[in-house]
Amino acid sequence: MPHAYDVVVIGAGTGGYVAAIRSAQLGKKVAVVEKQKSLGGTCLIWGCIPTKALLEHAHAFKVVKDSDEWGIAIPYGAPAIDMRQVQARKDKIVGGLTRGIEFLFKKNKIDWIKGTARLVGQGRVDVFEGDRQTLEAKEIIIATGSSPRHVPGIEIDHQRIITSDDAIQLTQVPASLVIMGSGAVGVEFASIYRRFGSEVTLIELLPRLVPIEDEAVSAELEKSFKKQGIRSLTGTRVTKATATATGVTVEALTKDGTTETLNAELLLVATGRRPVTTGLEAEALGIEMEQGFIKVDAMYRTSVPHVSAVGDVIAIDGLSHPQLAHVSSAEGVLVAERLAGKDVRPLNYDHVPGCTYCDPEIGSVGLTEAEARAKGYDVRVGSFPFGVLGRARMAGEIEGFVKIVADTRYDEILGVHMIGPRSTELIAEAVMAMRLECTVEELIKTVHAHPTFSEAVGEAAHAVHGAAIHL
Ligand SMILES: Cc1cc2nc3c(=O)[nH]c(=O)nc-3n(C[C@H](O)[C@H](O)[C@H](O)COP(=O)(O)OP(=O)(O)OC[C@H]3O[C@@H](n4cnc5c(N)ncnc54)[C@H](O)[C@@H]3O)c2cc1C
């Protein structure tokens, strides 16, 4: 007899494990099939957590290197990064968090089936590798996530030509690193390894870094990276990459039509992520797909009854779907609540924060200025630089700004874009303001504590009305 559950979740990333916990909280009998040795998926094991841990090390190293400025005497020689300790601390953080999810599974009486699952129809999930068995489910949630996207013609050998999965595990700082792609993953590794001492070159096909961000943010990041010694080649296409005994040779076609040859110790390919559906047999079951992604409606229903899908693996009809941990978790909660019969409303993807933890950090929500203009809004913009703030000066982090994009007619906040210290935290206020449909005037009237970084948000709102106090 197959083991019977109310809900079987395939994949224990931030989409799957959160869906499982919420389902269990709502009284469902739940099993999660996960093929990796630990729970938490890309975010905990390969993504958000390890990269942000490395970024904290990079920040600590920066502060120590600027010790003179801080009045801290280092008596013996120059500070150096010890990658063994960096990796050990990062692994400890990851291990603690993944074990935390195991604890939450036990607390919520969720069965973790260790293995690889495929769909076999009629509410059955076949675990064909690992703890082999067949599970019976009233509802199935697919949360199989994503993996690094490979570029045709560029062979990832995991030695010289690597992906983010390899870049989080380096035990030596490469002397030189070329990074292909300047999305969140690319610029975060640029910040990490530049701070650790590598020569870093970023190659971006599109005309600017972090191309989905507001243009002013891209320009500020490129300026800051230049100051830090990170070379940015935008509008440039990698045409060839060859691993050699000592490194890698990269050929790139630059925006002025010339071919540039770069030699580096490593090439990091950071050109996005593809959905993971191999072996799942979703198509065989009749699940509609879209360019390899599982197609769902606004309630995360696939085309097959009683099979839902969330997270990096999905495409939602007519929407651009961000591959972010907090998005997958929000979707997981929503599906669990829908399956439990709760009244749920579709997520508003315009109110999802995007955070990039490079140095300086980026936080954004809503429309960029260009998008707002393209949609025909009568746009008003206000910006305020962090450098004016006392708090930013104390921290020695004076780069960047907060920019608010608003509509003149109703004083509506259309988007908020920030680059600079604590932007990934400060963006939460903007998300809440937009969710509550707060006007610029209401943001102005919101009292921001002094001295804080958040004063930049209040001042940017003042700036929209042409009345920033400290400018
Ligand atoms: C380097 C990097 C940094 C990132 N940083 C951030 C960040 O700072 N903030 C942020 O919001 N997002 C970040 N992300 C993105 C984030 O990690 C993903 O959006 C998130 O993990 C998606 O969650 P998911 O549950 O959809 O899938 P995943 O986390 O990919 O989980 C899917 C799980 O399913 C399992 N699985 C797959 N197929 C099967 C099968 N057939 N049977 C059993 N198990 C299966 C996999 O082993 C995996 O554990 C980062 C990603 C990377 C790569």
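Values below: all heavy atoms of this structure, side chains included; hydrogens, waters and symmetry mates excluded. Each residue takes its place number in the sequence, starting with 1. Small disclaimer: the values here were computed from a predicted structure and weren't measured. Every number for a ligand or one of its atoms is a count from 1 in the order of the listing.
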Are [X] and [Y] side-chain neighbours, meaning at least one heavy-atom pair lies under 4.5 Å?
X      : Y      : result
Tyr357 : Thr51  : no
His57  : Arg195 : no
Val187 : Ile230 : no

Give a yes/no on ligand 1: does [X] have at least one heavy atom closer than 4.0 angstrom to it?
X      : answer
Ser146 : yes
Ile10  : yes
Gly332 : no

## Note on the structure
Test side chain to side chain contact (heavy atoms under 4.5 Å, CB included), reference Val125, set Thr134, Ile113, Val8, output is Val8
### Task
Have a look at Pro421 and tell me which of Arg391, Glu361, Glu399, Glu397 forms a side chain to side chain contact (heavy atoms under 4.5 Å, CB included) with it.
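Answer after filtering Arg391, Glu361, Glu399, Glu397: Glu397.
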### Query
Could you walk me through whether Ile21 and Ile110 pass the side-chain contact (heavy atoms from CB on, under 4.5 Å) check?
CA-CA 8 Å; Ile21 292 174; Ile110 296 167; 4.0 Å; yes
Return the residue, atom name and 0.1 Å-rounded distance of the protein heavy atom closest to [atom].
atom                    : result
atom 48 (C) of ligand 1 : Glu34 OE1, 3.4 Å
atom 43 (C) of ligand 1 : Gly115 O, 3.4 Å
atom 34 (O) of ligand 1 : Gly11 CA, 3.2 Å
atom 12 (N) of ligand 1 : Ala325 N, 3.2 Å
atom 36 (N) of ligand 1 : Lys35 CE, 3.9 Å
atom 2 (C) of ligand 1  : Gly47 CA, 3.3 Å
atom 13 (C) of ligand 1 : Cys48 SG, 3.3 Å

### Task
Pick whichever of Thr14, Leu44, Thr42, Val310 has a heavy atom sitting closest to atom 30 (O) of ligand 1.
Thr42
### Message
Regarding atom 32 (C) of ligand 1: of the candidates Pro50, Gly186, Ala143, Cys43, which has the closest heavy atom?
### Response
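Among Pro50, Gly186, Ala143, Cys43, the closest heavy atom to atom 32 (C) of ligand 1 belongs to Ala143.
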### Criterion side-chain hydrogen bond (donor to acceptor under 3.5 Å, both in side chains) on Ser303 and Glu288, from CA distance to verdict
CA-CA 6 Å; Ser303 56; Glu288 213 179 310; 4.5 Å; no
Considering all heavy atoms of both residues, which atom of [X] and which atom of [Y] are nearest to each other, and what is their separation?
X      : Y      : answer
Phe225 : Cys358 : CZ-CB, 4.3 Å
Arg231 : Leu262 : NH1-CD2, 3.8 Å
Leu44  : Pro50  : O-CD, 3.3 Å

### side chain to side chain donor-acceptor pair (under 3.5 Å) against Asp297, all qualifying residues, sequence neighbours excluded
Arg301
Test of proximity, [X] against ligand 1: N or O pairs below 3.5 Å:
X      : answer
Val313 : no
Ala117 : yes
Val185 : no
His326 : yes
Gly15  : yes

Per-atom contacts of ligand 1 with [X], taking only distances under 4.0 Å to non-hydrogen atoms:
X      : answer
Thr51  : 1 (C), 3 (C)
Gln36  : 46 (C), 47 (O), 48 (C), 49 (O)
Gly145 : 26 (O), 27 (O), 28 (P), 30 (O), 32 (C)
Asp312 : 18 (C), 19 (O), 20 (C), 22 (C), 26 (O)
Gln323 : 15 (C), 19 (O)
Trp46  : 1 (C)
Arg273 : 53 (C)
Lys52  : 5 (N), 6 (C), 7 (C), 8 (O)

### Task
Assess the side chains of Glu220 and His417: does a donor N or O sit below 3.5 Å from an acceptor N or O?
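The answer is no; no qualifying pair exists.
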### Task
Check the side chains of Ser232 and Glu222 for a donor-acceptor pair under 3.5 angstrom, ignoring hydrogens and angles.
no
### Task
Could you tell me whether Tyr357 approaches ligand 1 through its side chain, its backbone, both or neither, with non-hydrogen atoms closer than 4.0 Å?
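Side chain only.
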### Task
Measure the acute angle between the ring planes of Phe196 and Tyr193, then classify it against the limits of 30° and 60° as parallel, tilted or perpendicular.
perpendicular
### Task
Go through the steps for Glu139 and Lys28 under the test salt bridge (Lys or Arg N to Asp or Glu O under 4.0 Å), then give the verdict.
CA-CA 10 Å; Glu139 296 287 344; Lys28 301 289 181 191; over 6 Å; no
